[in-house]
Every structure is written in structure tokens, then in C-alpha cells.
There are 2 protein chains.
Amino acid sequence: MTSSRTTTSYALLGLLGLRDWTTYELARQVQRSLHWFWPRAERKLYDEPKRLVADGLATATSGSTGKRPRTVYGITDAGRSELARWLDEPSAGRANEFEALVKVFFADAGTLDQLRTTLDRIVAESTQRVTDLADNLDVGLASPAFPARMHLNVLVVRLQVEQELTVLSWARWARAQVETWPSIHEPDEWDAAGLLATLVGECRAAADG
Amino acid sequence: MTSSRTTTSYALLGLLGLRDWTTYELARQVQRSLHWFWPRAERKLYDEPKRLVADGLATATSGSTGKRPRTVYGITDAGRSELARWLDEPSAGRANEFEALVKVFFADAGTLDQLRTTLDRIVAESTQRVTDLADNLDVGLASPAFPARMHLNVLVVRLQVEQELTVLSWARWARAQVETWPSIHEPDEWDAAGLLATLVGECRAAADG
DNA sequence: GGTAGATACTGCCCTGTGCAGTATGAGTGA
DNA sequence: TCACTCATACTGCACAGGGCAGTATCTACC
């Protein structure tokens, strides 16, 4: 019986469509590419291929390196057509988790210093992510794993870059704003309603355009 | 014994810090505000307050509307100090789930038409989100639930708006690019490596700046 | 009196996370 | 040659979280 498949199933099936992988290789590849828009724990990546095999979408070839087991997974024809079929399905909406932003949102439960620290950390983490992304891309440029797929990579990577840059520049802006606040409760000299109205205007303009 | 707390615990504790709520009200409020950066299923929002009460961080007042039960939750002093303490903790990194982008990434398992449809859907969903966001903000401007918290709202909302606008403009760009492709495998006239190099440059500049 | 929509939950099964634990293999230097 | 480190290759367990179905009652309106 074919059990129900999740996006994770298809994400791995997609990778198997490119070449054969061991689970360990899959785990590392997922960290490098898919992780940016479909983050999954390594643990799951050891379970999922077994389900694909059970459903006839993938093959498992058991070998060994000395005494250590080594399972290589590949895609089947059924897997390829199931993957192609999945591309037609409507997708789930985006979901963004950003714990630090929850802390910003409830900052008035604490002190101004705490908010400043939170924003400093966001700036630092964001800078790190941007740097990591650039490093990844450099490696990809120097020795592309799948040169024939560069165009699709560019589509996806461009969004990643723009998202990361958006967060980074927002974080710097927010940190600068908060610097001038006299207290966590009163922003002083701040036309919050005006800023909000401007944001609404930008949304309307973008939605119409 | 105090069980371990999750970010969801603190998110709800934060709302309880603003005023008392019934679980139903909490669920609706979470959809309106927190959902954009800490999405959680309604189901979870019925379990979590009970844990907060068990840990002494919240109070539950059982009442009724006729025969229907009605539990109002509030925060305790212990809850307030625990919330303030939490603000000091380092946060988990961001996590973005974007199923449709997985489909874009593996688009060469299907046809060019499928990719175009996927991108069309992303544009549509993104436009909807931007519109919803603007509607929410309009309501918030007209009758703010917590006027004294407008400044924190603006900080958070600005990131939401910029993220949504980033996705929308990316989606439109991507759709336009793909329009010119002769096949899913060859982009024609496309300097993918050059585009990638430009993106890397932007990352480096932003990380340094 | 009927009915649609809002309110107020619970149970169940599954996915997914995080962490600890258990190995072996390959490379490096003392 | 031995020890050490890091990479490879998994498994078990407990708990967080998601999605869906199910079960009520209340309010407003016709």
C-alpha cells in the first residue's frame, strides 16, 4: 500500500532524480540547498528514503565499506512519473518562523536593553547567513555539481539572496530606530501611524502593479 | 514540576501579558498577528494555555455562556518575570518553508508549462498575502487594539511587508524570465553564471556594509 | 421555528525535531 | 604502530506540532 507522501518525500525524490545518493550524502546536500526553503532535520532524512522504497518510488542498493553498511538510493520510473505528477499539484502556503521577531514583538515585557540585544543578535545572525550564502554560491560557481541545472538554481537562489538581504537591512534599520528611543514604552518623535500608512500604501501599489 | 517551554509557550504568554483572553480569542489574535512570523495550528493553541497554568505562569478562570464553557486565561506575576527572563535568551534561527519553491527547484522533472503554472500560482498567492496584509494594517490603523504598542508593531510589520513585497517582485521577475525560455532544460541567451556572480557580489557588499 | 455562522472545545494519528547513543573507516602525526 | 580526530552511517525515544473530524452550544436574523 502506498502511504501518503509529504513535501519532504518529493524533495528527496527530486534529489534522487538528479543522481544516486547515500543517505549521508542526501543529508549534506539538503543542508546545502533545500535547507533554505525546505528545512528538515537530518533524522527525517534517514526515514524518508525507506518509505520511498516501500512505495516503489526509489530503489535501495545495500553495499558496504568494510564492515560499515552503506545504502545507495536511486529513483525508479514510477518515482519519476510520481514526481512529475506532483509538480501539477497546488502547493502549501509559505510559512516563516522567526523566534527573535516574537521577542521584538513582546519587547515591552522587558527592557530597552533587551530589545537592543535582540536586534544586535538578529543583525549578527543575518550577516552570518548572508556570508554563508555567498560562500555557498562561490563554491557552486567554481565547481557546479549540476551545471545543466544552473538556470533553475539561479531562480531559486535569487529569492534566497533577496530575502536574506531584506532581513539584514531591516534589522539594521530597526536597530538604528531603537537606538533613539528613550524607553521601551514611548518611541518619542516617532510617527508610528504615518509609517504604517506608508507601508499600507506600498502594499496596495505592489498588489495593483 | 515545570515542564519545558517552547517558543509557542512564550508567544502565548506574551499575548496574555497584554490582556486576558479566551482560547478562542487567542486563536484569532494569533492568526492576525503572530501567524506571520510564528505560525501555529489552532489545535496547539488550545493545549498550550493549560500547560502555562500547570506551571503557574497563567491563570484560568472558568465561566460559562449559558451552558457553554468559557475559560478566560490571564498572566501571573511568575508568568511576567518568566517572560522577561526569556527575552534574554538567544533565539533559534529563522526557518522558511516554501513548498512551491521546491517545485521550482525540481522543475526539470516536468515541463515548462508546469513551471509557468507554479510561478503563476506563487504570484497569485503572494498578491493575496500582500492584500491581506494591507487590509490587516488598515484595520489596525482605524481601530488599534493596543495603541500604546504601535511602535513595536511598526518594527515587526515593516519586516513583514518588505518580505512579502520581496517575494512578490521576485515571483513576477521569475515568471517573466521563464516566459522567454525555449525549454525547461535550456534557458537560451541566459548568462546564469553572470547572474549568480552578481548575487554573490550583492551579498558580500551587504555583509561588509 | 429554522438555520447559518460564531464560539468552545477534544481525540486521534501522523509528521517532524532534538538529542543521545552506537558503530566503523580514513587520514594524520608521534 | 598506536592513538586520535573527523567523517560516515545509522537507530531509539520522547515530545512538539499539524490536520482533520467530531461534538456541542450560542447569537442573529429571517
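Lettering of chains follows the sequences in order, A, B, ..., and the numbering in each one begins at 1. Reckoned from all heavy atoms, side chains included, excluding hydrogens, waters and symmetry mates.
Across all strands shown, Pro39(A) has heavy atoms under 4.0 Å from sugar-phosphate atoms exclusively, and none from any base. Contact annotation for Lys44(B): base contact, defined as any heavy-atom pair under 4.0 Å involving a base atom.
Rounded to whole Å, the distance from CZ on Arg70(A) to P on dA26(C) is 11 Å. Rounded to whole Å, atom C1' of dT11(D) lies 6 Å from atom CZ of Arg43(A). Put simply, CG on Asp47(A) is 15 Å from P on dG18(C), counting in whole angstrom units. Protein atom CZ of Arg68(A) is 15 Å distant from nucleotide atom P of dA23(C), rounded to whole Å. When the P atom of dG17(D) is taken as reference, atom CD of Glu99(A) falls 11 Å away, rounded to whole Å.
The phosphate of dT15(C) has OP1 or OP2 within less than 4.0 Å of a side-chain N or O from Arg51(A). When the side-chain nitrogen and oxygen atoms of Thr8(B) are compared with OP1 and OP2 of dG17(D), one or more of them lie within a distance under 4.0 Å. Contact annotation: Lys50(B) reaches the phosphate of dT10(C) (side-chain N/O to OP1 or OP2, under 4.0 Å). Taking only side-chain nitrogens and oxygens, Thr22(A) never comes nearer than 4.0 Å to OP1 or OP2 of dT8(D).
If Thr65(A) and Arg40(A) are placed on DNA chain C by their nearest nucleotide, the residue sitting closer to the 5' end is Arg40(A).
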